[in-house]
Every structure is written in C-alpha cells, then in structure tokens.
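Because the structure is a prediction, the values reported are computed rather than measured. Along the sequence shown, residues are numbered consecutively beginning with 1.
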Amino acid sequence: MAPGKIITISATPDPNALPDPDEVHLNEWYNQDFDGYRITEQPIYTRRPMRMICVGAGAAGLQIAYKAERGLKDVELQIYEKNSDIGGTWLENRYPGCTCDIPSHSYQFTWARNPNWSRFYSPSEEIWRYFKDVATKFDLEKYVKLNTTVESATWDEEAGLWRVTLLGHDGKHFEDTCDILINGSGLLNSWKYPDIPGVDLFKGKMMHSAKWDHSYDLSGKTVAVVGGGSSAVQIVPSIQPANDTIVVAKLIPFLRSPVWITTDQIKEFLAEPEKYTKYCRDIEGELNKRFTLMHLKAKDQKASRDLVTDIMSEQLGQDPFLTKKMIPEFALGCRRMTPGSGYLQSLRADNVQVVTESAVRLTEKGIVDESGVEHEVDVVVCATGFDTSFSPHFKVTGRTGVTIQDQFGDFPQGYLGIMAENFPNFFLLPGPNSPTSHSSLLPILEWYTRYIFQIIDKLQTENIKGIEPKARAIKEYYNHTHELMKRLVWSSPCRSWFKNGKIHGPVTAIYPGSRLHFFEMMKNVRWEDFEITYKTDNRYQFMGNGYTMTEMSVDGDPVWYFDDPFTKI
C-alpha cells in the first residue's frame, strides 16, 4: 500500500451493495429460489412496536404500568378498568373491619415502600389510599381508562392479534386490538352470593361483603353472617360490639366450617430509610421461611397447630361447644390462616348465637339451617367469597375456538400460574397453581411482570406471532404439582377456595413449592416448553440483512464482546 493511502470503511449498509432482484448470479448454483424467501432489510433483532392491553387497574395493573415505562421499548400500554377509580379489590371491599391478612410492610411494592402504615395489618381504605398515592406520584393513571368494561377477547390467528370488545362509560360498545393481553383483574374480583335456594324470597336486607351498603344502619337489627372465611372473621367482631357506630341487637354467624385463627401482633419501627428497608427485608425473610410449616408431617406443623389450638381455646374461654366446633381437625393452613383480633372472643358475647350448621335455604323472614330451624333476621350478610375458578370475568376465545371458561371449568389447569394452552400471548395474573397463599402477592406480581417482559422482548425481536405453553408441558407440570401436594397441607380435606370450594378435590390455587422456589423457577423462561408461531414462514426472518444494531449506531461499540462477563472469568 502506498504511503499515506488509507482505506476507509463504512460499517453501515450501502444501498448500492444490494443485488437487483432480476440479477443473474455469477455462481450458477445461486440462481435458484429458496422457497420464495426474501431478506428483510433490517439489522438482526430489530424491535417491532407492539400494543399491550391490561384488564384491571388494581395492584397488577399499576405494577405493569410502572415497570413497562422503565423496562419495555416500543410497547404501547392501555389499561381498562371497570370501576370509577383505580385500586381493584381495595376500592371495592369496604366492609366493617376489612383489613389485609398480610403485614403491610410486605404488602407493598418494592419500588414504593411506605414507612407510614398505621397498623401491622392495615385496613382496606388505607391500602387503597396507598395505591392511589403511588398511581399519582408516578403518573400511572395516564394509562388507565376508567368506567370501561372488557366484555370479550378473541384471538385472530391470521393477524396475530387479540380483538377486544368493550363497553365504554357512555354505554357504547367499541373494539380495540393488541398483541399482548393481560388479565390483571385478580381473583377477589367477581363476588357471588351463596348458592342456596330462596335468595329472591328474602324480604329483609341482603348484602355481600364485597358490595357493602354503608348507607344501611345495622343498629338494633338481627344480623346473620353466612360464611366463615377471612371476611367473616373480620366482619363479626366489627359489628358485634355496642360502639359509637354499630349496635346490633343480635348476631347469628353461620359457621359450618372451622377456621384456624392466628395471633395479631403490632410492631413498632423506625422510619429512617436504612432501618425501614432492613425491617421490610426482615419481615419478608420471615414470611419466606414458612414453607416447612405447610408440610402435613412436619414438626413445625404439629408444634404450630398445638400452639394455635391452645390460643384459640383460651380465647373461646374453654367453652366445650365452641372449642369443639371452631377448632379445626384439618391441617393448619389447609384453609387460609386468618389473623382475627377479637373474633373468637366475640362469639362468646351475649348477643351472638353461633350456628355451626349450613344455611340450606332462605325464607321471607330469615334462614333455615340443616336441622330445619328457621332463624328470623333483618339482615343477611354474605361473606361467602368469590368466583375462584381463575376464569376472567370476560369471555376469552382462543386458538381452537374454545373459551377459557369452558377449558378451565371446575378444574383449571395452566402453566406456572400465568399462561394456558390455546391462548397465545395471554397472561393471567394470577392463574391456576400460582403462589396465592405464599404471603404477599405484590412481589409475586413483580416477578410475573419480569417474566412477561422476557417473553415480550422475544416476541418483538424475533418476528414471533404467538407463543403458548405446550400441552405436554402443562400435563407434566400438573403431575409434578399434585404429586407434591400429597405432602402439603393444602391437600388436606377441608372446604377451601384453594380447592375451588371443595373438601375433596385437586388443589387448583397453590404453587408447588416455596416462595423462594417460585422466584428461582421464574428467573428465566423455559422456551422449550412453548409452541411458537412466526409472522412469516421462516423463523430466521428476524436475522435481517446481516447487520447488527451496534453497526447502525454512531455510538455503537464494535468490540463490545471484549467486555462480556464471560471474558472476565
């Protein structure tokens, strides 16, 4: 090379270097057509814009909005909320005594810790205010359209889109489309009255814990509470005593099933950021140690059960009838353990008549129990829970034309608590066999969001139309789940929403492992478990024209691989 002569090379594509479509190649072998395939003139892993719809602006929706703004690129987010405000279950559930049964310092976003909780177990209105403050602080409500109900969603295979039908605040229907659909409306969303005859006959006041009528005065009334779960545990002691707000004449709780009532401890803490962070970590760490307790034959199970039995007996005043009926014979944790401050003591009050038989029918004047005794009441409060079939409240039609409601039925089966066969690019927060009883759900939702974002990144950069779990992967997850459940308390014969309200039947709501096991499992997506379909016939279309985004950027580092962590080993 002559002195002073330097060859300058451009790293970016040269349009003049592209062959003419009709050009004859000098190498005769290349004068053939490779199944009609044509190169896409773009660098490898070019990110295509996508649209994501999330149904529900509760904890899951706010979590997704916050993280999407910081962790996704070229993804447009729309959240639809049927209510007039954000907050989900904590907006809707305002019955007397409504609190969260998870410590507040764990039931909060890791990215928005609140050092000002008023109680160890905070009331629903305070929790809702926390979510509202978070939404306002981070300007998350700009993604939310309120008073808008999602009615149905149908997968369009040809377009690779979800077609969503909605009812707007103006009473008019409209359609939206998206590449990714997330049901973030939660489990405790679709409340229901008990399935007993005579609901339409009763002439008194009837209301559900999730739809409490605060305008109705319970003072001087005879009130029946049907249900013995966490809602009833909170309602009963809140309306039983004679206080400044509620003075019921008589309270009749129908408690057909016993429930484990744990102790309620309030702890003080210092609000300094470093100490508060440590406090939150300590609580979270303590909650993460409880998996051994959930084993039927574990020493922790027996010791804890004996301790709680003694505490409950003491709170029931050693009453022979109440201790026999109220202290369960099934495993501690088979039903959700509930911190019930004052609940057991209230059952001994003079104005309380405990009925340990099922309510079999309603009459004009009251409720008839299994023995045929009619209890005349003015008010029936139904603390009977929610539809926990894991089916969304809106109709979802997937690839084969089947609806997820029909596919799930009474025995929903899914993949790692987040996806289901036949429903590509569709995520359930949470779905069947997810960590619904593994302490605070909020860190769980954050990890699920992380998992979803990994899938979105692959969809965007590899020309993928749809991704759904394989039937065999679901079946094998099912086998593993229920074989492990044999040793865990959730499979114990008690009537529980973990088993979709059944005494004997599959545990449909619980993840097969500890909380830390879940976090490990969900670190990385197991792509081998998925059926993947592409937008074109060639899965390698995303490889483009042979260039990378690094070469297209003026600031790209052409030797970035020198700094890869593996080179430092």
Here's a test for you: under side-chain contact (heavy atoms from CB on, under 4.5 Å), which of K470, K458, R539, E468 qualifies with I532? K458
If the test is side-chain contact (heavy atoms from CB on, under 4.5 Å), which one of D457, T449, I455 qualifies with F453? T449
Give a yes or no on whether a salt bridge exists between K142 and E69, defined as a side-chain N under 4.0 angstrom from a carboxylate O. yes
Within 6.0 Å of [atom1] in [X], more than 12 heavy atoms from elsewhere:
{"X": "D156", "atom1": "CG", "result": "yes"}
{"X": "K523", "atom1": "NZ", "result": "no"}
{"X": "Y37", "atom1": "OH", "result": "yes"}
{"X": "R281", "atom1": "CZ", "result": "no"}
{"X": "D35", "atom1": "CG", "result": "no"}
{"X": "E175", "atom1": "CD", "result": "yes"}

Return the orientation label for the H517 and Y511 ring planes: parallel under 30°, perpendicular over 60°, tilted otherwise. tilted
Salt bridge (Lys or Arg N to Asp or Glu O under 4.0 Å) with K67: which residues, sequence neighbours excluded? E446
Decide if the gap between the ring center of [X] and the ring center of [Y] is smaller than 6.0 angstrom.
{"X": "F426", "Y": "W155", "value": "no"}
{"X": "Y534", "Y": "Y540", "value": "no"}
{"X": "F131", "Y": "F109", "value": "yes"}

Tell me if a side-chain donor or acceptor on [X] pairs with a main-chain N or O of [Y] at a distance below 3.5 Å.
{"X": "S553", "Y": "T550", "result": "no"}
{"X": "R48", "Y": "L459", "result": "yes"}
{"X": "S106", "Y": "P103", "result": "no"}

On the six-membered ring of F530, is R526 placed so that its NZ or CZ lies under 6.0 angstrom from the centre and within 45° of the ring axis? no
